Amino acid sequence: MWDIRRYYTTAKGVLQPKHVYPYVGTASRKHGISALALTSCGSRLFSSCTDDNIYMYDTHLDTKDPVAVFSGHTNSTFYVKSCVSRDNEYLISGSSSHSLFVWDIKHPLLPPVKTGNGQQASD
């Protein structure tokens, strides 16, 4: 993750990222991240992965580990996307299982609300 408002450089003048978050999922597919979403204030980063989890990172902490994991949906394709509601209260994701899932960001362990229409839900 780069903060383009500042310069993070080495002595050689090469731009360096502010944060690096390694892929923590268990999917065997190469590059198992299908979507990234950021809260409007930039404090939370969500990484939707093909291991059927969405990982939440706190961009203000110096940890590379997710602070929460949202599960309950199926993500077996890179077409499945996720986003954050305008009020930063909810995480919304499509699913390979023909459903749309909504999680309360403040309560990641609660099961998501599920709805669907029989088609693959994606961006």
Side-chain angles (χ1 to χ4, degrees):
M1 171 187 273
W2 283 268
D3 184 347
I4 60 173
R5 299 171 298 175
R6 300 185 180 148
Y7 297 112
Y8 295 92
T9 61
T10 65
K12 295 181 181 180
V14 177
L15 291 177
Q16 296 294 312
K18 181 176 179 183
H19 298 287
V20 176
Y21 300 107
Y23 175 65
V24 295
T26 58
S28 61
R29 298 180 91 181
K30 186 177 181 183
H31 309 296
I33 299 172
S34 67
L36 294 172
L38 197 61
T39 56
S40 61
C41 59
S43 65
R44 302 278 192 259
L45 174 68
F46 297 89
S47 175
S48 182
C49 298
T50 56
D51 67 348
D52 302 334
N53 290 309
I54 300 175
Y55 299 94
M56 180 174 75
Y57 297 91
D58 187 324
T59 61
H60 295 258
L61 298 178
D62 284 334
T63 180
K64 296 179 181 180
D65 298 321
V67 295
V69 179
F70 298 86
S71 59
H73 76 304
T74 305
N75 184 358
S76 60
T77 174
F78 293 106
Y79 293 106
V80 172
K81 305 299 179 201
S82 57
C83 66
V84 178
S85 63
R86 290 184 186 191
D87 61 3
N88 296 318
E89 296 287 325
Y90 301 99
L91 173 64
I92 302 102
S93 180
S95 176
S96 301
S97 64
H98 312 297
S99 299
L100 182 72
F101 290 81
V102 181
W103 290 267
D104 184 338
I105 290 175
K106 293 179 185 173
H107 305 285
L109 298 178
L110 292 178
V113 174
K114 177 183 173 184
T115 184
N117 64 2
Q119 299 295 322
Q120 177 172 293
S122 61
D123 197 38

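The structure presented is a predicted model; accordingly, all values stated were derived computationally and were not measured.
The two atoms that bring Ser96 and Ser76 nearest to each other are OG-N, 2.9 Å, heavy atoms only. Contact detail for Pro112 and Phe101: the closest heavy-atom pair is CG-CD2, 3.6 Å. When all heavy atoms of Tyr21 and Thr63 are compared, the pair lying nearest together is CE2-O, 3.8 Å. Taking all atoms of both residues into account, the shortest heavy-atom contact from Ser93 to Val80 is OG-CG1, 4.0 Å.
Val102 and Leu91 fall into different hydrophobic clusters, defined by Ile, Leu, Val, Met, Phe, Trp and Tyr side-chain heavy atoms under 4.5 Å apart, directly or through other members. A single hydrophobic cluster is not seen to contain both Tyr57 and Ile105; linkage of ILVMFWY side chains at heavy-atom distances under 4.5 Å, directly or through other members, places them apart. Linking ILVMFWY residues whenever their side-chain heavy atoms come closer than 4.5 Å, directly or via other members, places Leu45 and Val69 in the same cluster. In the hydrophobic clustering of this structure, Tyr55 groups with Leu38; members are Ile, Leu, Val, Met, Phe, Trp, Tyr whose side-chain heavy atoms approach within less than 4.5 Å, directly or through other members.
In this structure, Leu110 stands alone, with no Ile, Leu, Val, Met, Phe, Trp or Tyr side-chain heavy atom under 4.5 Å from its own, directly or through other members.
Judged purely by atom type and a 3.5 angstrom limit, Ser48 has no side-chain atom pairing as donor or acceptor with the backbone of Ser82. A donor-acceptor contact shorter than 3.5 Å links the side chain of Trp103 to the backbone of Ser71. Between the side chain of Ser34 and the backbone N or O of Tyr79, no donor-acceptor pair lies under 3.5 Å. A donor-acceptor contact shorter than 3.5 Å links the side chain of Thr59 to the backbone of Gly42. A donor-acceptor pair under 3.5 Å is formed between the side chain of Asp51 and the backbone N or O of Asn53. Side-chain N or O atoms of Ser99 include none that pairs as donor or acceptor with a backbone N or O of Lys114 at under 3.5 Å.
Counting heavy atoms from C-beta on, the side chains of Val84 and Ser40 never come closer than 4.5 Å.
Annotation: side chain to side chain contact (heavy atoms under 4.5 Å, CB included) contacts of Asp58 (sequence neighbours excluded): Arg44, His60, Leu61, Val67.
For residues 84-104, the pairs satisfying salt bridge (charged side-chain N to carboxylate O under 4.0 Å, His left out) are Glu89-Lys106, with sequence neighbours left out.
Ring geometry for Phe46 against Phe70 counts as tilted: the plane angle lies between 30° and 60°, on a 0 to 90° scale.
Counting only N and O atoms by type, the side chains of Asn88 and Thr39 include no donor and acceptor under 3.5 Å apart.
Note that SG of Cys49 and CG of Asn75 are 8.0 Å apart. Values are rounded to the nearest 0.5 Å.
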